Amino acid sequence: MAEKQGRGSATAQKANAKAAKDGKTNPRTSSAAQAELGRKGGKAAAKK
């Protein structure tokens with residue numbers, strides 16, 4: 001199961017965890033988090 005962190009929707013929590021792993025406090029500045037949020041091509045992979 002994917003790591004989650006913070007508050008908000010499940011997707012937002014996953015993005016927060018990925019940003020934290022990148023060493024960033026703001027998910028908007030993390031490319032991994034942006035992909036999770038569907039901003040940079042991660043949207044299709046997010047659906048299971």
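Only a predicted model underlies this, so the values are computations on that prediction, with no experimental measurement involved.
Between the Asn16 side chain and the Gln5 main chain, a donor and an acceptor come within less than 3.5 Å of each other. The backbone N or O of Gly8 sits less than 3.5 Å from a side-chain atom of Gln13, completing a donor-acceptor pair.
Remark: Ser31 OG to Glu36 CD distance equals 12.5 Å, nearest 0.5 Å.
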Below 3.5 Å, can you tabulate the donor-acceptor pairs from side chains in residues 19-27 to any protein atom, sequence neighbours excluded?
| unit_1 | atom_1 | unit_2 | atom_2 | d |
| --- | --- | --- | --- | --- |
| Lys21 | NZ | Glu3 | OE2 | 3.4 |
| Asp22 | OD2 | Ser30 | OG | 2.7 |
| Lys24 | NZ | Thr29 | O | 3.2 |
| Asn26 | OD1 | Arg28 | N | 2.9 |

